[in-house]
Every structure is written in structure tokens, then in C-alpha cells.
Enquirer: 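Dropping the structure in here first, questions after.
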Number of protein chains: 4
Amino acid sequence: MKFSVFSRLGYTAHAAGTLVLNIHALNTWKQSVINEEFWLEPYINYNQFELPQGEKRLVRFDVNEYIPNISATYQATVDNCYEVNDFSYATETHVSALDSSVLPYLNPSRYCESDKLYRMAHNMFGHISNPFQQVLTLTGWINKNVQYLSGSTNSQTSAFNTVTEQAGVCRDFAHLGIALCRALTIPARYFTGYAYQLYPADFHACFEAFLNGKWVLFDATGLVPLNGFVKIATGFDAADSAVANIFGDVMFNSMEVSCELADTCFEPFFYKQDEFLGITYL
Amino acid sequence: MKFSVFSRLGYTAHAAGTLVLNIHALNTWKQSVINEEFWLEPYINYNQFELPQGEKRLVRFDVNEYIPNISATYQATVDNCYEVNDFSYATETHVSALDSSVLPYLNPSRYCESDKLYRMAHNMFGHISNPFQQVLTLTGWINKNVQYLSGSTNSQTSAFNTVTEQAGVCRDFAHLGIALCRALTIPARYFTGYAYQLYPADFHACFEAFLNGKWVLFDATGLVPLNGFVKIATGFDAADSAVANIFGDVMFNSMEVSCELADTCFEPFFYKQDEFLGITYL
Amino acid sequence: MKFSVFSRLGYTAHAAGTLVLNIHALNTWKQSVINEEFWLEPYINYNQFELPQGEKRLVRFDVNEYIPNISATYQATVDNCYEVNDFSYATETHVSALDSSVLPYLNPSRYCESDKLYRMAHNMFGHISNPFQQVLTLTGWINKNVQYLSGSTNSQTSAFNTVTEQAGVCRDFAHLGIALCRALTIPARYFTGYAYQLYPADFHACFEAFLNGKWVLFDATGLVPLNGFVKIATGFDAADSAVANIFGDVMFNSMEVSCELADTCFEPFFYKQDEFLGITYL
Amino acid sequence: MKFSVFSRLGYTAHAAGTLVLNIHALNTWKQSVINEEFWLEPYINYNQFELPQGEKRLVRFDVNEYIPNISATYQATVDNCYEVNDFSYATETHVSALDSSVLPYLNPSRYCESDKLYRMAHNMFGHISNPFQQVLTLTGWINKNVQYLSGSTNSQTSAFNTVTEQAGVCRDFAHLGIALCRALTIPARYFTGYAYQLYPADFHACFEAFLNGKWVLFDATGLVPLNGFVKIATGFDAADSAVANIFGDVMFNSMEVSCELADTCFEPFFYKQDEFLGITYL
């Protein structure tokens, strides 16, 4: 499936600082970046690199003086690929069978304090034996109980807050989903991407749960089809997967994002409560 | 209903300090303290007084030196009285109709952050129109989901924690009940007392909700009959109604509590999920 | 000292609701309300009353339907009186000597979790023997370390957060001051009022500490002279002393506040770090 | 420097479960494990592996039934090596110059919410220009203000709590040090090891800060010489570097740890407040 993605981030540097941006589409064996461009205005030299585990492509640049308007623009055409698997017979994850690269996604993290949600997760979802159904059910519970409300949370809000405060944006929905999965001993990680048919257009965050050897995508917001994503990054949570990290006296100003279909047909795919088909980006 | 109550608290004073104890049975127009005794060993002069709003009878004393074993003993025979009312037709509390003495029990307090539980309370219990049934249902939810587990919480644990951590002791059950009520605009207050048939014997905490002009008792722990209480105090939460406040280098050592029936018959009374009879201590 | 105070609060009622406003000047034996007016536009019937402990004069009214613009206006001329006392020889508060009406102001409350600040308060201020100097020093520490920053906090922010996050508005400064005092076994309470020479004009919050039998005013923000206040209320913290409590679907829109001198002369009074003169409103 | 290390952990399995232990000495190019043994009693098959980034050597095993006493024993002789560098002329870390493998250690993590400590860290330590001195000073501040108190914290306590509560054990001291460093844009990571001359013997936790291209060891507890460590693991915080992770109904029972010198001489090395010599394990 081909998509044209575009993002432009605007900043004002009041003094020297460094920005690290996380907006490049991943280039994996099944997500091909057919073409891409990234540029800064005014011209600033930048450094593009990947993190060791290969799940992020970052751009980093310094500003050394006052610059009222810096814009960072990325555009790409990406051809990606996903598979749909049937999890009707999914079985519980055995910790002892997990690959060592998956194991860290059972740990609590900055925004996903799974250690505090253990009893709650087991009280609410512990009786469900099929782990796909567990994640589907907890995703449904989040969707039903947490209100999508711009501005209701901030960069310090964590899953522990969202359980009770029950309002948030996509990152809060994702954090709560991840925390509940980990509390149920299901490895889970944060997923950010460009999302087709997201209105208003924006970067989107959701999560992946590790089920029967696959990282299966879930989105508690229900805002977009699950097959319309271009993957930017996966990580523990927004602490290591934010769109931008700013060091120094630089302020975020503006953002423009788009994700358009570059293919002829698109059949939106959503999960249904009694179906066990899960989507995995490759 | 007559009860004989007894409590003995043991302390070690390492240096000078002050203790304020909250273990006397209230003496109200319908709870008569027939006889009572309070003494300190070794002999220390103390001051017994009531707080302005008349909902606590406190004892206060200084220790001025190292004393390895201080024991404070209270025993009393109390005749109290409660009424059982039918709340089948209970209607929503109108803030504008509340007496000014009741209004403060709508505010969040140290351990009952009702301001943070607003959405959750409404999502879970907002659809129930009879407020007695609302409180009964939320009490049932707490009872079902929070595990009674000695040592699982400490003096800093609040309702906001308990919503998610789902373990605690009687004070945590009470705090969560109060916070949920207040979030639903139902005035609620902390209630401490001696409780008949509590095993192991201890002071007990539960809560009162203000419904149709009455303070109705609820106990999310379900550990004791609701008609076996001798009221010690009511207040906002454990911050103003703890059994003891210690100032200075004095350590709590030991506690002994009992509450025995001094009457011939006792018919345990518990709420049932589909019955609308509520108990009010007078 | 005479002041003319004025406030106008604007609301939109989307549906039925109740408002409780806390904007009337207190009428005490030394703060005389010479004249005052309160009115609602459009005309709505209201109820004006005092809380039992006499530290707030509240106004309460219902709205029963959609009203796009409700304005509540209060204006008054107030003659108040304060004394300045020398606390050079102030001595530590003995809990056992406190009047029972003062004792509750040692308890932690919703926004002032003094129980969690015990070690910190003692580490930082425990070595100071004069309690006036303790409060002056802790007020100075707050002033130096917490940044006054509109919009940096919200209605859930408490003293525990502010210790570390070090930004806030007047209520956050007051909460932290109160929490530190209580942790040092100094009774402390929230104080709201109209403040002369506050720019931009607004309601103001600061706090009182109980020293040598007097409630002494402190203001960690340092924004206004300490002798330019007209007292509206005192209480445990913003949970029981907010300017307005809203029940139902009513939104706050706008606010206008003023406090003008109605006397001929005004000598601004601020504390100095090495002077032990404290101000008490009567 | 050669050390003999030993640890024995005891568990009771009430039902099936999985344990992941993190007690093996790291085997790096400068820390040689000369000999080692690990065994389980009763015999249980286990799997020993490294995490992808090579900073932990884990052991994992299943228990499939009730076993009243499981003991896991590790003993090794390790020859390690450290260097002492002079940081008198250390200069500020530039984010843009950091290797991509170091960058993640600037992110907040489960127990090190550096995002919430930004203002505090800058208010207290921002004026110090030499980053080695910054870390030394903040370590000294922690040592002076946080009380080492067994049992004062639990597995949910984070740096944000410790700032204010000012009591904890080694992991809490480490978390606070890490969080303050990251808030100052100094990469920092958790370090666990066997520690010579720690009384009572136990696993120890401290932290490393990334200064002038080196990971420099700091220990806010001041309990042990800095040159007496055998490194077990580094990580983001205790969430990914705990001694043991337990999945299922298995209870920790007992622990025995020792770390003895296997060399002829040992000169204890501690930092001094005005010296700029820092230790790095290789």
C-alpha cells in the first residue's frame, strides 16, 4: 500500500539549542521508503541516524543563535505491507519463550507504570484466556471510558493518571493500553506513525502487543483504520518516541501533517469485537 | 443497643512530644455514653475536649521525657440508636438545598481527591438515578475490586491510588467510597468507630453519604454488620479523624481493641443489592 | 484602612447547574463592610450565607436552563484593620497549648500534603528556632525557587508537585507555604482576598501561620504589600476556599477584579528578611 | 582488581511461574569473569542469555508446580579494571555530539521522571559550569538530604517522590541522581553490582553519568568505596535492571550476598568535594 506523507514542524529558537526529530518513515524490509526529502529552512546542517535497535530514524541539528522561524519539512512516498493473522487460537505468552529483544517490553516505563496496574488489569481482564481477546477487550474498555479531549493532558500525564482521570489524547490512550498489556504479562510497545484518514491530520500514536510471536497493532482511540499507517517509530512509550525532543530555549510553533493514499484502492480495516483478525506491520 | 467498648494504645516516648487521641465514643443526643473511663499509665495529666463542630472528642497530653511504655486505656458502655429508612424513592441531592454545614463534605480532601475522579465516577455510576442505589453500587464495586490486604498501603495512600492499585485496608475502602460520592455530588464523610463482630478486633473506618437529608452509613469492606457500630468520630477523611496524631519522637507500639454486645439480642444488618434500606446513626 | 473592591464573574450555563461564589468581603469585628452590593444579571434568585466557622460568606444560586451570559457582580467599601507585632521572641508552638479551633490547621489537606513534606521541611528549616523566622525563611525559599508562571499548573496541582516542579501561581505558592508550615508543626491556613496594587488585578491567595497566638500573614509571591488586603475567606486550602465552585454544566467565561484605596494614604508594608514584624488581620 | 562474589536467592513457588535473574557479573573487555558457577536447587533447567545491548546477563527459568524452597546460587571470581580520570576541565555535554547509543539515557524513565525535575535541577545546580562538579554537587546534596532508611520506600517509589520524601535505599538514591542528571541534559544510567565493604552485604545500586565521553560512576549513598564494584548491569533504572523479575505466584524468601577481595591490596577510593577525579569501569 503506497502513501504520500508530509510533515512540517515550525520552531523559534530564542537561543542556542538542539532538536532531535522523529518524523522519518522507517525503512524496513517490508516498509520501503520509495523517495523522501527532508530539509530545514533556513539551511542548517543536520545529522540523520538510526538508534541501535533500529526502530527510529532520527534527525538532529543545532541552532546557535536566535532564529525566529525554523521549519523542518519531511515528505516521502512509502510502500508498506502488513499481514492480517487469525488469533482465534492465540495462547498466553510464556515469559520463558520470549526472545530477549522482546523481554524489555514487559517492564514498566515512564508513562506506562504497569507495576501499579497489576491488580486492576487482572480484575478486569484476567479472566479472558485468549490474549488477543484480552487486548481487544481492554482496548474497547479504554475506548469506551476515556474521553478523547485535546488539551486535557500534558507531557507528564501517565497511564496511572489516565486510568482514573479518563480523558486524554492518542498518546494517553496508547500509554494506558501498553500499561494494561504489560500488567497482564503481554509485551507491548508504543507505535507512532502517519495515519491515513485521521481528522484533523496529525501524527498518531497507538500500540503493539506481542501475541503468538507477532507485534499486533491496536488503537484504543478508534479514530483511524488500522491498515492506513506509515510507521515512524516504535519504543517503550512517548519518552523515547516523541515526535521531537528539544534541548535549550527553543519553542514549538506550528505543525502541519498529511498522509495521502498513493494507491488506487483502500479498504478500511477495523477490528470487530468478535473477530480475531489482527494486523501486523512488517 | 448497648455495647461495651475497650481500647488500649501503647507508645514509647523517646523524647518530648504530644499525643492527640481520638478514641472516645461520641456523646450525642442518641448515642449515650452510660459510663466511661480513660486513664494513662504512668499517670500523665491530659486534656479532654471536643472540636468545634462536635464530631470528635479528643484527648491530648504531653510527654516531657523518655518513657518506655505509655499506655492509654479507654473503656465505656454506650447505648446507641440508629434508624433504618427506605430509600426506594431517594432523589438526587440539589447543592442549592444543602445545609451549609453539609456543603464542605462535597470538597476534595487529603485522601479523597474527588476532583480527579469526576469522569470515572460518572462513567461508572452516573447512569443510576437513585442516589442510594448509586452509593450501594459503588460500594459493591469497591468491595468486588479492591482486595483487603493488611500492609498493602500506608498513611500516604489516597483514593486516587486505590482506584488503580486495588488493595488496601478499611481506611482506603472508606476514602475511595467518599471520593466517588463527592465526585457524584453526593456529600460524604469519614466515619470511625468501634465495630461489633470485627475479626481481628480493631478500630474500624467506613463512610456516610448524605441522602435525602440523612447521613447514611456504608461500608465497602463488608466486614461487619452495619448496626454494630459505636461512633467515635466523623470528619473529612483520615487526615482529621485518625485514631491518633503524634507530634514529636513518640512511637506507636501496640493496640488492643474490643467491642462487645451489652444487650441481649443482636440481629446483624447488612445491605442487600436490591434492597433500599439504609442505616443512619443518630 | 478603607478599600473599594469590585469583582465581576461571567459564566455560560449550558444546562442546569448550581454556583457557589466566595467573593464577599468578610465582615468581622475589625473588618467592617461599610456598604456592599451583589447582583446577578440576568436576575436570578440567590441565597447568601456563612459557613459554620464564620470564615466565608458564600452566595449560591441555581440556573435551570441555558443562559449564554450570566454575570455576578460584587462591590463593597470595606474598612479593615490589622496589627503589626514583633516576633523577635516568638517561640515554638506547643500542640498541647493550641486552642481546639486551631488544631485542624495542622492536618494535611487536599493541596497541602504536609505529611509527605516532613523530612524536607525539617532538613531545610528545622534548625531555625524562632518560628516567625522559620516561616519567613521558607517563604523566601519559595519565592526564590518557584517561578510565578500563569498556566503552568491546574486545579489538581498540590504542594507536593510544586516542591519539585517549581512553577505555579499564587495558590500554588500559598499551598506550598502552608504544607511546609504544617510539616513543621506550625498551624497554617489559606487566605484569599482582594489585594491592592496587584497587577494584573485578580483575586489573590496567600497564607496565615499561627505564631504566638496570632494568625500572621505571609505571601510567598511577594507581589503585593501585605497591608493592602481585604479578606474574603480563610480555609484549609483552595479545596474549601476557591473563588467559585461550579456544579453542573456551567462554564467560566470572564473575570474582572479591582481593589482601590478609599483612604488618603497608604504606606506599603513588606517583610524584610532580618526584621521580625508580622502583620495580622483582625 | 580481583573479587570473589557470591549470591544466593531463595524463593517459594506457590504455582507455576517464571523467574528472570540479573545476578551474573558482566563479562566485558575489561571485566573478566575468571570463573563462575550458577546452579538451582532443586535442579531446574535454565536459560542464560544477554540482552541485545549487552549490558545484562540474565538467567531465566520456569517452575511448573509448587516448590517450597528454590535456591539460585551464583559465585564467580572476577578481575575488573577501572580508570580514574581528571575532570577538572570537563565541559558541558552537547546533545548533538552524543553517540546515538548514549542519547536514550537523556530520556525520563519509570523511576527517573527527569521531565518533572527540570526547574528544580536548574535552580539548584544549573549555575555550576563543570558538569563533573554538577554531578558531584548533586550527589552531595542527595547524600546530605535523603536519609538512608530501610523499608521507607517500596518498588513504586520514584525520584519524584524521593525529592520531597527524602528517605530511601540505594536504588532511590540512584534514581534521584539519574533524574537530576538527565534534567541537566547529562546522560545517566543505573548501575548495579556487587560492592566490596558494603555492610550489611547486599546487592548495591548507584549510577553513571556520561561526562567527556566516559561513563563516570557516582554513588549518592556514600556507603562503599567507588573502586570496589563488580558490575552486574547497567540500564535505564530499576525497571530494567532489577535483581529479579518474577512472573507468576512465586515469593521471594531470602538473600545472601558477599563480595570479597581476591587480591592482595585495596586502597579505598572515594570522591572528595574539591577533587575532580572520577572513576570509570571499563
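What you see is a predicted model, and the numbers here were worked out from it, not measured in a lab.
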Enquirer: D/Asn22 versus D/Ile232: any side-chain heavy-atom pair under 4.5 Å?
Expert: yes
Enquirer: Is a donor on one side and an acceptor on the other found under 3.5 Å between the side chain of D/Thr280 and the backbone of D/Trp215?
Expert: yes
Enquirer: Given heavy-atom pairs under 4.5 angstrom as the criterion, report whether the side chain, backbone, both or neither of D/Ser109 touches chain A.
Expert: backbone
Enquirer: Counting only heavy atoms closer than 4.5 Å, note whether D/Asp62 contacts chain A via side chain, backbone, both or neither.
Expert: side chain
Enquirer: Counting a contact as any heavy-atom pair under 4.5 Å apart, which residues of residues 150-160 of chain D contact chain A?
Expert: D/Ser155, D/Gln156
Enquirer: Is the distance between the ring centroids of D/Phe191 and D/Phe207 under 6.0 Å?
Expert: no
Enquirer: Which bit of D/Thr185 comes within less than 4.5 Å of chain A, counting heavy atoms only: side chain, backbone, both or neither?
Expert: side chain
Enquirer: Sort out for me which of D/Val95, D/Asn47, D/Thr18 touches chain A most, counting heavy-atom pairs under 4.5 Å.
Expert: D/Val95
Enquirer: Which atoms of A/Tyr111 are under 4.5 Å from chain D, going by heavy atoms: the side chain, the backbone, both sets, or neither?
Expert: side chain
Enquirer: Measure the shortest side-chain to side-chain distance between D/Leu184 and D/His122 over non-hydrogen atoms and say whether it is less than 4.5 angstrom.
Expert: yes
Enquirer: D/Leu19 versus chain A, heavy atoms under 4.5 Å apart: side chain, backbone, both or neither?
Expert: neither
Enquirer: How are the rings of D/His24 and D/Phe38 set relative to one another: parallel (under 30°), tilted (30 to 60°) or perpendicular (over 60°)?
Expert: tilted
Enquirer: Heavy-atom count check: over 12 atoms from other residues, nucleotides or ligands less than 6.0 Å from D/Met251 CE?
Expert: no
Enquirer: Tell me, yes or no, whether the heavy-atom count around D/Gln48 atom CD, taken from other residues, nucleotides or ligands under 6.0 Å, exceeds 12.
Expert: yes
Enquirer: What part of A/Phe236 lies closer than 4.5 angstrom to a heavy atom of chain D: side chain, backbone, both or neither?
Expert: side chain
Enquirer: Check whether any side-chain heavy atom of A/Arg189 sits under 4.5 Å from a side-chain heavy atom of A/Ile178, and report yes or no.
Expert: no
Enquirer: Let's test your reading of the structure: which of D/Asp115, D/Asn245, D/Asp240 forms the most heavy-atom pairs below 4.5 Å with chain A?
Expert: D/Asp115
Enquirer: Kindly indicate, with the supporting measurements, whether the criterion side-chain contact (heavy atoms from CB on, under 4.5 Å) is fulfilled by A/Leu106 and A/Leu98.
Expert: CA-CA 10 Å; A/Leu106 285 174; A/Leu98 287 175; 3.8 Å; yes
Enquirer: Taking the inter-plane angle between the rings of A/Tyr190 and A/His175 on a 0 to 90° scale, is it parallel (under 30°), tilted (30 to 60°) or perpendicular (over 60°)?
Expert: parallel
Enquirer: Let me know if A/Asp237 has heavy atoms under 4.5 Å from chain D in its side chain, its backbone, both or neither.
Expert: neither
